[in-house]
Amino acid sequence: MISIFKRELKGYFITPVAYIIVGLFVLVCSVYYYVGNIRMQTGEIDGLFNSMGIILLFLVPILTMRTIAEDRKNGIEVLLNTSPITIYNIIIGKFLAAFSVFLIMAGITFIYPLMLFAFSKPALGVLLTGYAGFLLLGASMIAVGVFASSLTENQVVAAAVSFITLFLMLVMEPLAYYSGGQTAKILNSISIFSRYDNFIRGILSLSHIIYYLSVIAVFLFLTNQTMEKRYHNLKFSMENNSKKVVNTDFLSFFIKSVVLIVSVFVIVIVLNLLIEKKSIKWDFTSNELFSVGNVTKGILKNLKEDVTIYGLFDDEKADSTYKDIRELLSKYEYYSGAHVKVKFIDPDRNTGIIKKLDPEGSKDLKKNDFVIESRGKSQKLSYDSLFKTEVDTKALTRKTTGSVAEQAFTGAIKYVSSEVTPAVYFVEGQGEGKADVEFKTFSDCLSKNNFIVKSINLSSVDKVPEDAGILLFTSPKRDLEESDAEKVRKYLKVGGKCVFMAGYMESDPVLTQFNALISEYNLSFNHDRVKENDRDNHMPDNPYGLIIEAAKNEVVDSDFQMDLVDSRSIRILKNETEDINIIPLLKAGNSSEGEAIDGENGKNTPGPLNMAVASKKYGKAGNSKVIVIGNSSFISDSEKQKFPQYFSSNMFFLMNALNWMQDREDEMIIQPKEFDTGKLVINQFQASITGFIVIIVIPLHILGFGMFVFLRRRAL
């Protein structure tokens, strides 16, 4: 085998063939890399891997067309078959020689990620899984090419057969999308490209590795059987010349060959099905986009009720079109110990499924929605709501920037499986922002974390409803009526929870009743506007846009950075009592100051300043809690549009605070998972130099070597 390998590898490089193939591959890849990464200034390399896979479709048939067909045409195959070397060793040697050339091609492309590391921080895990998938894909395609070369002595025909076979394997996935049903399942199982996509997304799956190794083994085995058959044909014709004799040995070989081929296919199919059922996968994405965290794992392992997740999709199209979500949901099934079941049902085929899941039509279900159901409770999640998006105001486009799928599915499971779901009431009537308008994103986040979102006008009710878990005041524009304040006071005395948020306003109202309520918890709103004098701690050109480091405490379980724009400070009163526990949550630094409104107290208040404070009051009828924040716009939809880089942290802060109020400190909030775009920091000169190196210098050097070899051979 070693001698065959050396002979074949040398054969590639004593002719210009290998240089031309490698040079063309690197040239086309370099163009894709320059346009898709350098010009677009992105470190995402999945597009390049996709392009590299497509390029192989055209180059592998040329690389492998001569492996066996040339020997057969020159009569060398007869000598090889009659030599002490086994046919299988011959095939392996030729396969490894072609694969070695492919490794050189792949090795040269590693210069692309090395350049990316100079200008950004691409996800190393995704990079490694991408190359692992590329090597397996390339090896599989080479095995197909070697088999095609064994079918004929014409190299052009061998290349054509190889190309057509690989092309059909490529189009299986799009055909599966349009086919649906069992046909789609079969087509996806045949396609060697459908599994490649998982590798370049950062998922390493044992079943996909076994699949590619199976493809390599099967096609090399078929090559062996083809050459064995030809050897027996040749032996039979040599022994019998032109006599019309039935060769029982050949007939026996033929029957054994058919049985062996069928047996190999059955073994390979069964092996792949068994491995697929195990669902052994590793997520190498930087934010573990296709995995669930410890919070979700804990919730799933403690499930006592069965939960069904219905996906209103074509089941087979879900495999190809909605891979990300399908991959994530498989983790829910795995970690729940069979308590979570995922069912994809196409509403176009099963027309009664929407009526069954939503008999009253209140959920407005449609195709591409999810329904999570358990214990007679259900919650709808639309597919689009599972992703974070940002609007590029310059390009007028919407870009997907992250995933909230785990947060959404885990929250829905908590909701449908919980006996009690606390209600968060947005209080209206004093000019506050509405939950479904100004705070829609935050409201959706509450729903995804097992809260019911409701609204209330205190003037229209006799008392705060019994199911009120938390009352939320979002920047009232005027003070409470005294009677409404009394309703809130009574609610707090029996263990109620309130969040009071009031930011800076130009014509600042005197919030007498609000201050009277929170003064019972040793807190008060200051009538000021907080300014940050240290430019490192505020937004560019806006000293009133505070950037605050949220420190870990008993309410918030981690350190992070958030923003507060146009805020007022909170004063902690000095009449402390033993039944009240004060917990400062957010502070503006020493360089901040509270600019007095209407000359209050005649002077500004120097920092540090409290921007958010929690207070817990112990009582016989129950322990009540309040949180007072000198801002509410930090969780508004307008904030999301203006400062998306801080918005997730802002919501994370408030969601943790609400969990603390509900004594759910053990239920950590699941943060959205940001997509790692790996933006390049590169100037025009660096981009031009990079493009010159990868598109001109490297390919020309490789092709130049090929030209040198060609001219040298002509001179001999």
Side-chain angles (χ1 to χ4, degrees), residues 198 201-208 275-285 287-346 353 357 363 365 368-388 402-419 421 444-445 447-451 664 666-673:
N198 270 359
R201 291 185 306 143
I203 302 171
L204 198 61
S205 169
L206 179 61
S207 64
H208 292 171
I275 297 295
E276 186 72 37
K277 276 191 171 182
K278 292 292 183 182
S279 189
I280 301 173
K281 299 174 183 177
W282 299 272
D283 185 352
F284 285 90
T285 55
N287 292 322
E288 295 187 324
L289 292 171
F290 312 113
S291 302
V292 295
N294 292 329
V295 177
T296 296
K297 288 176 186 177
I299 291 169
L300 294 175
K301 287 178 181 177
N302 292 324
L303 271 179
K304 294 180 174 59
E305 303 291 335
D306 289 339
V307 176
T308 304
I309 300 176
Y310 293 96
L312 301 180
F313 304 79
D314 185 320
D315 185 24
E316 310 314 328
K317 289 184 181 179
D319 279 333
S320 54
T321 312
Y322 305 101
K323 286 181 180 179
D324 295 358
I325 299 302
R326 188 68 181 259
E327 201 68 48
L328 181 67
L329 290 179
S330 68
K331 303 296 184 184
Y332 280 82
E333 291 180 303
Y334 177 76
Y335 287 110
S336 68
H339 276 301
V340 173
K341 294 179 177 63
V342 180
K343 297 181 180 179
F344 283 87
I345 302 173
D346 186 356
I353 186 62
L357 296 175
K363 289 183 170 59
L365 293 182
N368 296 354
D369 284 341
F370 288 94
V371 177
I372 296 82
E373 190 176 67
S374 179
R375 300 164 51 94
K377 295 169 69 177
S378 64
Q379 190 172 52
K380 164 194 166 182
L381 296 174
S382 66
Y383 178 75
D384 292 339
S385 71
L386 303 179
F387 300 95
K388 285 184 63 183
S403 170
V404 293
E406 183 187 353
Q407 183 188 79
F409 283 114
T410 301
I413 288 172
K414 284 162 59 180
Y415 168 71
V416 300
S417 62
S418 298
E419 294 182 5
T421 301
D444 290 343
C445 183
S447 299
K448 290 169 185 173
N449 283 278
N450 195 29
F451 287 100
R664 301 196 303 184
D666 56 326
E667 294 187 19
M668 291 172 58
I669 298 300
I670 300 168
Q671 289 214 66
K673 296 179 178 180

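For the atom pair Ser382 OG and Leu312 CG, the distance stands at 11.5 Å (nearest 0.5 Å). A distance of 9.0 Å separates CG in Asn294 from OH in Tyr335, rounded to the nearest 0.5 Å. Distance check: Phe313 CZ to Asp346 CG gives 10.5 Å after rounding to the nearest 0.5 Å.
When each of Asp306, Leu329, Val307 is paired with Val340, the side chain to side chain contact (heavy atoms under 4.5 Å, CB included) condition holds for Val307 and for no other. Of the candidates Thr308, Thr410, Val416, Val416 is the only one forming a side chain to side chain contact (heavy atoms under 4.5 Å, CB included) with Ile372.
In this structure, the side chain of Glu333 engages the main chain of Val342 through a donor-acceptor pair within 3.5 Å. Checking side-chain atoms of Lys363 against main-chain N and O of Lys380 turns up no donor-acceptor pair under 3.5 Å.
Across Ile413 and Ser417, no two heavy atoms sit closer than the pair O-OG, 2.5 Å. Pairing each heavy atom of Lys377 with each of Thr421, the nearest pair is NZ-OG1, 3.4 Å. Closest of all the heavy-atom pairs between Ala405 and Ile325 is CB-CD1, 3.8 Å. In this structure, Glu406 and Tyr332 approach most closely via the heavy-atom pair O-OH, 3.2 Å. For Ser385 against Val404, the heavy-atom pair with the smallest separation is O-CG2, 3.2 Å. Here the closest heavy-atom approach between residue Ile299 and residue Lys414 is recorded as CD1-CD, 3.4 Å.
Under the rule for a side-chain hydrogen bond (donor to acceptor under 3.5 Å, both in side chains), Ser336 has no partner lying at least two apart in sequence or in another chain. With sequence neighbours excluded, the residues that form a side-chain hydrogen bond (donor to acceptor under 3.5 Å, both in side chains) with Asp444 are Lys440.
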Kindly indicate, with the supporting measurements, whether the criterion side-chain contact (heavy atoms from CB on, under 4.5 Å) is fulfilled by Leu365 and Ile353. CA-CA 10 Å; Leu365 293 182; Ile353 186 62; over 6 Å; no
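Ring-plane geometry between Phe409 and Phe370 is classed as perpendicular, the angle between the planes exceeding 60 degrees on a 0 to 90 degree scale with a lower cut at 30.
Contact of the Asp369 side chain with the Tyr310 side chain is not registered, since no non-hydrogen atoms from C-beta on lie closer than 4.5 Å. In this structure, the side chains of Trp282 and Ile203 stay at 4.5 Å or more apart for every pair of heavy atoms. Side-chain contact between Leu204 and Phe284: present, with at least one pair of heavy atoms (C-beta onward) separated by less than 4.5 Å.
Asp283 and Thr285 are linked by a side-chain donor-acceptor pair at a separation below 3.5 angstrom, with hydrogens and angles left out of the test.
The pair Glu327-Lys281 counts as a salt bridge, with a side-chain nitrogen and a carboxylate oxygen less than 4.0 angstrom apart.
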